[in-house]
**Student:** 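My structure is below; once you've seen it, I'll send some questions.
We use all heavy atoms of the structure for the numbers below, so side chains are in, but hydrogens, waters and symmetry mates are not.
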Amino acid sequence: MPHYEDAIKKMLPKTYHRKHVAHEIYVALHHFKSLVPMMDKYVYNDGTTKNLMSLTGTIPVMFADQTYNIPVCLWFEESYPQTAPICYVRPTREMMVLSGKYISSNGEVTLPYLEEWKNSKCDLMTLLRVMVVMFGEFPPVCMQPHPEPEQAPCWLQFHRQPEVLSKADGSLYLNLAREDDLPFQQENETNC
């Protein structure tokens, strides 16, 4: 057993199928180099927590002739490989989840491969490959839209300060000089 595979096995509690799980993770890490194994707290929908093995990082996905690194987290319950991993896309702050055919609004991955998981026929490497292909067809995340900068109020858009002047008859008027210091033409003037 290679040293790194043995280190993964030692991370796993005795309740796991340690040799099998460590080997599958080791093989996956050989192909998907940005994934990192770690024991971490998983929070179930009912609020209970459990310390589970996870693989966190990115998987490279081709979309529109570009490679994108999709952030994912795969959780392995103690019953793995009898049960499928619990998989999520984990968008960064600049990203948002695109819920749809295979992704729920909270980022959970709901691929048919996971739903039809069979212990003797399904494995981690195939799951990751299926995710790469399906995410290439149905992207699970996108960049957050950047809001258009709000246009400044009209009075802030002038570079010159208006002057309040008085006419000979005592009425007041607003004088705003043009950028080129020429007077406005008569048809542009208003009386208030």
Side-chain angles (χ1 to χ4, degrees), residues 1-92 95-142:
M1 178 181 290
H3 173 72
Y4 194 60
E5 185 175 345
D6 192 47
I8 296 168
K9 182 179 173 186
K10 288 178 181 173
M11 288 173 65
L12 293 163
K14 293 186 187 322
T15 52
Y16 279 85
H17 302 284
R18 293 168 74 192
K19 186 175 180 180
H20 180 85
V21 175
H23 180 71
E24 281 202 23
I25 290 173
Y26 174 76
V27 170
L29 296 178
H30 181 73
H31 295 279
F32 296 90
K33 307 231 184 262
S34 70
L35 294 176
V36 177
M38 68 177 75
M39 293 297 294
D40 204 357
K41 281 196 191 301
Y42 177 77
V43 180
Y44 289 92
N45 290 335
D46 65 2
T48 60
T49 61
K50 194 167 196 177
N51 213 22
L52 299 179
M53 172 55 77
S54 68
L55 271 183
T56 303
T58 62
I59 56 175
V61 172
M62 285 292 291
F63 178 74
D65 296 326
Q66 294 265 73
T67 301
Y68 296 92
N69 292 313
I70 305 297
V72 296
C73 184
L74 289 75
W75 296 91
F76 302 90
E77 294 181 287
E78 296 162 340
S79 55
Y80 181 83
Q82 283 80 26
T83 58
I86 304 166
C87 305
Y88 288 89
V89 291
R90 287 274 176 92
T92 63
M95 298 177 178
M96 60 186 250
V97 171
L98 289 175
S99 60
K101 193 169 186 175
Y102 302 117
I103 305 294
S104 70
S105 59
N106 69 348
E108 186 172 4
V109 179
T110 58
L111 294 168
Y113 189 80
L114 290 166
E115 293 170 0
E116 299 164 7
W117 186 271
K118 301 222 183 335
N119 175 26
S120 60
K121 297 181 181 177
C122 298
D123 61 70
L124 178 57
M125 265 309 295
T126 306
L127 170 61
L128 289 166
R129 287 181 180 137
V130 168
M131 289 171 76
V132 166
V133 170
M134 297 310 285
F135 292 172
E137 293 178 26
F138 304 96
V141 292
C142 69

**Student:** Is there a side-chain contact between M131 and Y113 (heavy atoms, below 4.5 Å)?
**Tutor:** no
**Student:** How long is the span from the CG atom in L29 to the CE atom in M125, to the nearest 0.5 Å?
**Tutor:**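 Rounded to the nearest 0.5 Å, the CG-CE separation comes out at 10.0 Å.
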**Student:** Determine whether L114 and P85 make a side-chain contact, defined as any pair of heavy atoms from C-beta on separated by less than 4.5 Å.
**Tutor:** yes
**Student:** Give me the one residue out of L55, T56, D40 that meets side chain to side chain contact (heavy atoms under 4.5 Å, CB included) with W75.
**Tutor:** D40
**Student:** Got a second to check how far K41's NZ is from N51's CG, nearest 0.5 Å?
**Tutor:** 5.5 Å
**Student:** Closest heavy-atom contact between L128 and I59?
**Tutor:**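 Here L128 and I59 meet closest at CD2-CG2, 4.2 Å.
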**Student:** For the atom pair CE (M39) and CD1 (I8), what is the distance rounded to the nearest 0.5 Å?
**Tutor:**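 The distance works out to 12.5 Å.
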**Student:** I need the minimum non-hydrogen distance between M95 and P91, along with the two atoms involved.
**Tutor:**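 Shortest heavy-atom separation between M95 and P91 comes out as CB-CB, 3.6 Å.
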**Student:** Which pair of heavy atoms, one from K10 and one from R18, lies closest together, and at what distance?
**Tutor:** CA-NH2, 3.7 Å
**Student:** Measure the CZ-CD1 distance between F138 and I103 for me, rounded to the nearest 0.5 Å.
**Tutor:** 11.0 Å
**Student:** Grab the two heavy atoms, one from F63 and one from Y68, that are nearest each other, plus how far apart they are.
**Tutor:** O-CE1, 3.5 Å
**Student:** Just wondering, do E116 and C122 contact through their side chains at under 4.5 Å, heavy atoms?
**Tutor:** no
**Student:** Side-chain contact, heavy-atom cut-off 4.5 Å: T83 with W117?
**Tutor:**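 Not in contact.
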**Student:** Please test V97 against N106 for side-chain contact (heavy atoms from CB on, under 4.5 Å), starting from the C-alpha separation and ending with a verdict.
**Tutor:** CA-CA 7 Å; V97 171; N106 69 348; over 6 Å; no
**Student:** For a quick test of reading the model, state the closest non-hydrogen atom pair linking I70 to P140 and the distance between them.
**Tutor:**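 Shortest heavy-atom contact: CG2-CG, 3.7 Å.
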**Student:** Any non-hydrogen side-chain atom of V72 less than 4.5 Å from a side-chain atom of V109?
**Tutor:**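 The answer is no; the side chains never approach within 4.5 Å.
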**Student:** Other residues, nucleotides and ligands only: do more than 12 of their heavy atoms fall within 6.0 Å of NE2 on H31?
**Tutor:**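 For H31, atom NE2 is crowded (more than 12 foreign heavy atoms under 6.0 Å).
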**Student:** Determine the sole option in N119, L74, L124, L52 for which the side chain to side chain contact (heavy atoms under 4.5 Å, CB included) test with Y80 is passed.
**Tutor:** L124
**Student:** Is the shortest side-chain heavy-atom distance between P60 and N69 below 4.5 Å?
**Tutor:**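 P60 vs N69: side chains touch.
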**Student:** Distance from H20 atom NE2 to I25 atom CD1, nearest 0.5 Å?
**Tutor:** 10.0 Å
**Student:** Tell me, yes or no, whether the heavy-atom count around D65 atom CG, taken from other residues, nucleotides or ligands under 6.0 Å, exceeds 12.
**Tutor:** no
**Student:** How far apart are the closest heavy atoms of K19 and E5, and which atoms are they?
**Tutor:** O-OE2, 4.5 Å
**Student:** Under a 4.5 Å cut-off applied to non-hydrogen side-chain atoms, are K50 and E77 in contact?
**Tutor:** no
**Student:** Taking Y16 for the side chain and F76 for the main chain, is one N or O donor matched with an acceptor at less than 3.5 Å?
**Tutor:** yes
**Student:** To the nearest 0.5 angstrom, please state how far the CE atom of M134 sits from the OG1 atom of T110.
**Tutor:** 9.5 Å
**Student:** So do the side chains of Y88 and S104 get within less than 4.5 Å of each other, counting heavy atoms only?
**Tutor:**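 Result no, sub-4.5 Å side-chain heavy-atom pair not found.
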